[in-house]
Amino acid sequence: PALREFEPCEGGFRVVGASSFDPLVVPPSLFAFLSKFDGARHWADALSEAGEPAVSEFTGDIVREMLLRGVLQEPEG
């Protein structure tokens, strides 16, 4: 991921990807997932290793938001 900054907030963590003007609030389980993402694995593989709480909160909508804001990146190649 391309996290530029993060901080705890009501509802989880405020994360900033490409622009600090467009932060995203993610629940704690998703934040834990991001901490496991090392940039070498596809985000879906990291998600499967993150465990059940993250899987249940990870929806297509949040994936799109994270991709749009630069928090997640599509794998190259």
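Heavy-atom basis, side chains included; hydrogens, waters and symmetry copies ignored.
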Val26 vs Met66, side-chain contact (heavy atoms from CB on, under 4.5 Å): CA-CA, chis, key distance, verdict: CA-CA 9 Å; Val26 298; Met66 294 172 109; 4.0 Å; yes

If I compare all heavy atoms of [X] with all of [Y], which pair ends up nearest, and what's the gap?
X: Gly12; Y: Val25; value: N-CG1, 4.5 Å
X: Arg14; Y: Ser20; value: NH2-O, 4.1 Å
X: Pro28; Y: Gly11; value: CD-O, 4.1 Å
X: Pro23; Y: Val16; value: CB-CG2, 4.1 Å

Side-chain heavy-atom pair Arg69, Val15 within 4.5 angstrom cut-off: no

Hphob cluster co-occupancy, Leu67 + Phe13, side-chain heavy atoms under 4.5 angstrom: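 Linked, Leu67 and Phe13 end up in one cluster.
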
Interatomic distance, Leu24 atom CG to Glu65 atom CD [nearest 0.5 angstrom]: 6.5 Å

